[in-house]
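Accompanying notes for the structure given below.
As the structure lists them, so they are numbered: ligands from 1, and atoms in each ligand from 1. Values below: every heavy atom of this structure, side chains too, minus hydrogens, waters and symmetry copies.
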Amino acid sequence: MSYPLPSLPRIPPEIVALTDYEPLAREHLGEQAWAYFTSGAADEVTLRDNREAYDRLKLLPRVLRDMKGGNTQVTLLGETLEYPIMLAPIAYQRMAHKDGELATVLGASAMKAGVVVSTRASVRIEDIAAAAQTRLWFQLYMQPDREFTRDLVRRAEEAGYQALVLTVDAPLNGIRNGLQRVQFRLPPGVEAVNLRGMAQPDTRPRLAGEKVAFGALLDDAPTWKDIEWLLSQTRLPVILKGILSPEDAELAIQLGFAGLIVSNHGGRILDTVPASIDVLPQITAVVAGRVPVLVDGGIRRGTDVLKAIALGASAVLVGRPYIFGLSVAGAVGVAHVLNILKAEFEVAMGLTGCATVAEIQREVIWQH
Ligand SMILES: Cc1cc2nc3c(=O)[nH]c(=O)nc-3n(C[C@H](O)[C@H](O)[C@H](O)COP(=O)(O)O)c2cc1C
């Protein structure tokens with residue numbers, strides 16, 4: 001049997017929540033791709049906690065409020081979003097569906113959701129932009145070769161991407177035993193096409209031999225010193241992704257980032273770091289509204305979106321669930337995942353007495 005399996009012609013009626021996609025996605029993806037998309041680092045403590053932290057937070061509804069004219073709109077970087085949910089950057093989507101990122105942006109366009117496209121996309125960023133009718137941001141991994149990085153930025157600008165998202169939490173891949181156990185290899189025909197011509201360092205930490213992480217790999221990793229250079233290379237707003245520490249949040253604002261994404265990379269890099277939602281309040285306290293703060297990791301329900309907004313996020317990003325939708329039903333699956341999450345968010349707003357996103361305040365989280 002060759003993977004990924006073709007899209008189903010229709011979405012099975014029993015799929016009513018994001019997690020309902022998982023068993024079918026597992027079948028469609030096959031062992032290797034399932035391991036790639038789902039694995040976390042080491043014992044997957046952070047991966048689990050990203051999800052469980054949302055369940056620990058309890059909501060305290062208010063009743064009998066005036067809900068006339070309610071809506072889910074937000075303003076982000078000067079633009080109106082229909083609802084505060086975007087698709088997180090995920091690499092190599094042609095491993096999930098033959099059309100990969102093209103199908104993803106088609107589904108997101110139907111749902112008017114913004115998409116962050118990975119540096120490691122498996123389709124050219126120009127072709128993705130041509131297929132999209134929605135807001136696109138380009139996620140950048142800085143390359144050891146500055147000229148190559150500058151070219152990537154230019155290409156994203158010229159193709160119409162509206163912001164850059166610089167991801168800094170993964171100079172190494174982290175130890176992903178889930179991938180090691182299946183001896184993961186990218187399948188033939190799937191590659192980071194936008195990095196062609198750039199020698200790709202093998203970012204898997206070596207667990208044998210002298211140099212595990214130090215040496216060339218970390219020597220080439222960007223530092224705060226490279227940021228000024230990057231910001232001078234683009235007219236686009238640049239958002240920093242992979243922030244967990246309030247000190248780093250402050251540094252980032254001082255340097256001129258236009259926004260932050262609180263993220264632990266979906267629990268894939270360093271295990272036992274806190275759930276992103278658990279550190280969000282400390283970060284939003286330091287940021288104090290100077291730039292928008294987004295959060296990702298573990299968002300599977302509309303109530304999770306509501307909780308993130310209540311703790312100060314301007315918007316959230318969702319990762320793996322849309323890949324599962326993509327693998328099962330292509331663009332339609334991606335749109336369906338977004339539709340479920342948006343509908344749940346709207347219901348959660350209605351039932352907590354929040355007519356607008358601005359009304360979702362800290363008090364909606366129950367304090368014991
Ligand atoms: C398979 C996979 C590949 C990813 N690739 C990237 C990437 O290329 N760039 C990036 O910034 N983040 C990447 N991420 C992290 C996601 O953008 C996001 O932070 C995370 O998936 C959110 O958690 P969730 O999957 O629980 O929603 C990846 C995550 C997964 C699961």
Side-chain angles (χ1 to χ4, degrees), residues 4 18-19 21-22 25 29 32-41 44 46-54 85-97 100-101 104 114-123 125 128 137-143 152 163-171 173-174 176 178-179 184 186 190-195 200 203 222 238-244 260-270 273 275-277 280 294-301 304-305 308 313 315-327 334 337-338 341:
L18 264 49
T19 50
Y21 269 103
E22 291 178 15
L29 289 168
Q32 288 258 318
W34 173 260
Y36 175 72
F37 288 115
T38 58
S39 290
E44 305 190 332
T46 298
L47 175 67
R48 281 191 298 279
D49 206 37
N50 270 351
R51 171 78 234 113
E52 288 166 10
Y54 279 104
I85 302 168
M86 297 181 66
L87 299 187
I90 296 217
Y92 303 122
Q93 296 185 19
R94 288 191 54 243
M95 230 186 334
H97 186 273
E101 290 81 358
T104 294
V115 181
V116 187
V117 173
S118 167
T119 286
R120 300 218 175 98
S122 50
V123 176
I125 59 173
I128 299 172
W137 293 354
F138 177 63
Q139 178 268 319
L140 178 69
Y141 281 125
M142 274 177 90
Q143 302 298 308
L152 264 181
L164 298 181
V165 172
L166 177 68
T167 300
V168 289
D169 58 4
N173 261 346
R176 252 171 253 159
L179 289 190
F184 176 76
L186 275 177
V190 177
E191 61 167 313
V193 289
N194 296 289
L195 295 178
Q200 278 306 292
T203 51
V238 187
I239 297 161
L240 189 59
K241 176 171 183 277
I243 289 294
L244 294 175
L260 302 176
I261 302 179
V262 175
S263 173
N264 52 36
H265 215 107
R268 287 165 77 79
I269 307 296
L270 178 64
V273 303
S276 44
I277 191 67
L280 178 68
L294 288 80
V295 66
D296 74 15
I299 292 191
R300 303 294 179 262
R301 287 286 186 185
D304 301 339
V305 183
V316 304
L317 300 101
V318 58
R320 294 176 182 88
Y322 83 83
I323 296 294
F324 299 150
L326 174 68
S327 73
V334 173
V337 162
L338 280 162
L341 203 54

TODO: Would you kindly check if the NZ (Lys) or CZ (Arg) of R268 is within the cone defined by 45 degrees around the ring axis of Y36 and under 6.0 Å from the six-membered ring centre?
DONE: yes
Open item on the list: Treating D49 as the side-chain partner and E52 as the backbone partner, does any N or O pair qualify as donor plus acceptor under 3.5 Å?
Closed with: no
Open item on the list: Could you identify the single nearest non-hydrogen protein atom to atom 29 (C) of ligand 1 and state the distance to 0.1 Å?
Closed with: R268 CD, 3.6 Å
Open item on the list: Treating N50 as the side-chain partner and L47 as the backbone partner, does any N or O pair qualify as donor plus acceptor under 3.5 Å?
Closed with: no
Open item on the list: Between Y92 (side chain only) and F37 (backbone N and O only), is there a donor and an acceptor less than 3.5 Å apart?
Closed with: no
- [ ] List every atom of ligand 1 that sits less than 4.0 Å from any heavy atom of S118, numbering the atoms from 1 in the order shown and giving each element.
- [x] 7 (C), 8 (O)
Open item on the list: Taking side-chain contact (heavy atoms from CB on, under 4.5 Å) as the criterion, tell me which of L294, L166, D296 meets it with K241.
Closed with: D296
- [ ] Give the numbers and elements of all ligand 1 atoms closer than 4.0 Å to a heavy atom of S263.
- [x] 19 (O)
Open item on the list: Give me the nearest non-hydrogen protein atom to atom 12 (N) of ligand 1 as residue plus atom name, then the distance to 0.1 Å.
Closed with: K241 NZ, 3.0 Å
TODO: State whether the shortest distance between N or O atoms of R300 and N or O atoms of ligand 1 falls below 3.5 angstrom.
DONE: yes
Task: Distance filter under 4.0 Å to T167 heavy atoms, resulting ligand 1 atoms - done: 10 (C), 11 (O)
Task: Min side-chain heavy-atom separation L341-I299 under 4.5 Å - done: yes
TODO: For D296 and ligand 1, answer yes if some heavy atom of the residue is under 4.0 Å from a ligand atom, otherwise no.
DONE: yes
Open item on the list: Has R320 got a side-chain atom pairing as donor or acceptor with G266's backbone, closer than 3.5 angstrom?
Closed with: yes
Open item on the list: With a 4.0 Å cut-off on heavy atoms, is Y141 in contact with ligand 1?
Closed with: yes
TODO: Number the atoms of ligand 1 from 1 as they appear, then name those within less than 4.0 Å of a heavy atom of G298, with their elements.
DONE: 24 (P), 26 (O), 27 (O)
TODO: Would you kindly specify which portion of R51 sits under 4.0 Å from ligand 1, judged on non-hydrogen atoms: side chain, backbone, both or neither?
DONE: neither
Task: M86 versus V115, closest heavy-atom pair with distance - done: CE-N, 4.2 Å
- [ ] Report, in ascending order of atom number, the atoms of ligand 1 lying under 4.0 Å from any heavy atom of A91.
- [x] 3 (C), 4 (C), 5 (N), 8 (O)
Task: Min N/O separation P321 to ligand 1 under 3.5 Å - done: no
- [ ] With heavy atoms of G297 as the reference, note each atom of ligand 1 found under 4.0 Å away.
- [x] 22 (C), 23 (O), 26 (O)
- [ ] Indicate the atoms forming the closest heavy-atom contact of I90 with G319, along with that distance.
- [x] CD1-C, 3.6 Å
- [ ] Answer with side chain, backbone, both or neither: which part of R320 has a heavy atom less than 4.0 angstrom from an atom of ligand 1?
- [x] both
- [ ] Give yes or no for whether the N/O distance cutoff of 3.5 Å, strictly under, is met between R120 and ligand 1.
- [x] no
Task: Atom indices of ligand 1 within 4.0 angstrom of G266 heavy atoms, with elements - done: 19 (O), 20 (C), 23 (O)
Task: Backbone of I323 reached by a side-chain donor or acceptor of Q93 within 3.5 Å - done: no
Task: Which atom of V193 lies closest to which atom of V123, heavy atoms considered - done: CG2-C, 3.4 Å
Task: N or O contact, I90 vs ligand 1, cut-off under 3.5 Å - done: no
Open item on the list: Please list the nearest protein heavy atom to atom 21 (O) of ligand 1 with its residue and the distance rounded to 0.1 Å.
Closed with: G319 CA, 4.0 Å
Open item on the list: Please give me the minimum heavy-atom distance between N194 and I125, naming the atom from each residue.
Closed with: OD1-N, 2.9 Å
TODO: For atom 16 (C) of ligand 1, grab the closest protein heavy atom and report residue, atom and distance to one decimal in Å.
DONE: P89 O, 3.3 Å
